[in-house]
Q: 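Sharing a structure with you now.
Quantities reported herein were computed from a predicted structural model and do not represent experimental measurements.
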Amino acid sequence: MKNKDKIPAFTLSEVLIVLVITSIVVGIAFAVLHLVTKQFNTMSNRYDERIQTQKLKQQIAVDLDSGQSIILKDDEEKLQIINDDNRNANYEWAGDYLIRNRDTLSKTLKTIRFYYLGTEVTAGPVDGIELELKSFGRPLRLFTSKKVDSKQQLSDLWD
């Protein structure tokens, strides 16, 4: 006696093959998603570091340009920028940190050099700062200098 009321369905081997193919496709999709996420995070970190570096350079440039007196105290590892409107800025560096008025500006400081009239100085007046930062395993150099106005040029001539 043959059963003519057979229900159409998949066999167990067909279902297992579909499950194996589906798991392979899902595994590849998660691997690609992981790679894309890793790449995005790397690009985002580099962008954030670039923005922080630009803000650091801009802050130093604004302080140098607005400062009436810029004095380097090397024995204290301190740079004082004195303004007429009592908005003084004090820069300190210790290890790989650069601090401005208790705010940490950079945690990747490698070296810092100061210049006055194109010559490197270790104490006294300053009109240029060169920073070397560690950025993703390679050095990044920033140089910022004070814009020299006619008043300062005349004072340098008479001195």
Q: For the residue pair Phe143 and Tyr115, does the interplanar ring angle fall in the parallel (under 30°), tilted (30 to 60°) or perpendicular (over 60°) class?
A: perpendicular

Q: As an exercise, state the distance from OH of Tyr91 to CG of Leu64, rounded to the nearest 0.5 Å.
A: 7.0 Å

Q: Heavy-atom count around Lys55 NZ within 6.0 Å, excluding the residue itself: above 12?
A: no

Q: Linking I/L/V/M/F/W/Y whenever any side-chain heavy atoms sit under 4.5 Å apart, do Val121 and Leu117 land together?
A: yes

Q: About how many Å separate NZ of Lys134 and CG of Leu140, when rounded to the nearest 0.5 Å?
A: 13.0 Å

Q: Within the distance-only criterion (no hydrogens, no angle test), does the side chain of Ser66 pair as donor or acceptor with the backbone N or O of Val62 below 3.5 angstrom?
A: yes

Q: Hey, what do you get for NE2 (His34) to NZ (Lys38), rounding to the nearest 0.5 Å?
A: 5.5 Å

Q: To the nearest 0.5 Å, what is the distance between CE on Met43 and CZ on Arg46?
A: 10.5 Å

Q: Working to the nearest 0.5 Å, report the span between CD1 of Ile82 and CD1 of Ile71.
A: 6.5 Å

Q: Between Asn90 and Arg100 (side chain of the first, backbone of the second, donor and acceptor by atom type, cut-off under 3.5 Å), is there such a pair?
A: no

Q: Hey, quick one: are Leu35 and Ile28 part of the same hydrophobic cluster, counting side-chain heavy atoms closer than 4.5 Å, chains of contacts allowed?
A: no

Q: Other residues, nucleotides and ligands only: do more than 12 of their heavy atoms fall within 6.0 Å of CD on Glu77?
A: yes

Q: Can you check whether Phe10 reaches Val18 side chain to side chain, under 4.5 Å on heavy atoms?
A: no

Q: Under 3.5 Å, side chain of Asp127 to main-chain N/O of Lys146, donor-acceptor pair present?
A: no

Q: Would you indicate whether the side-chain heavy atoms of Leu16 and Leu12 approach each other to under 4.5 Å?
A: yes

Q: Looking at every heavy atom in both Ile81 and Gly67, which two are closest together, and how far apart are they?
A: CG2-CA, 3.6 Å

Q: Of the non-hydrogen atoms in Ala89 and Asp63, which two are nearest, and what is the gap between them?
A: CB-OD2, 3.7 Å

Q: Is there a continuous path of hydrophobic side-chain contacts, each under 4.5 Å between heavy atoms, that joins Ile70 to Trp93?
A: yes

Q: Is any side-chain heavy atom of Tyr116 closer than 4.5 Å to a side-chain heavy atom of Val126?
A: no

Q: With rounding to the nearest 0.5 angstrom, report the CG to CD distance, Leu109 to Glu132.
A: 9.0 Å

Q: Specify the closest pair of heavy atoms between Thr111 and Arg113, including all atoms of both residues, with the distance to one decimal.
A: OG1-NH1, 4.0 Å

Q: Tell me whether Val25 is reachable from Phe30 by hopping between hydrophobic residues (I, L, V, M, F, W, Y) whose side-chain heavy atoms are closer than 4.5 Å.
A: no

Q: Heavy-atom distance under 4.5 Å between the side chains of Ile112 and Leu79, does that happen here?
A: no

Q: Could you check whether any side-chain heavy atom of Leu142 comes within less than 4.5 Å of a side-chain heavy atom of Ile60, counting everything from C-beta outward?
A: no

Q: To check you understand the geometry: which heavy-atom pair defines the closest contact between Glu92 and Lys78, and what is its length?
A: CG-CG, 4.0 Å

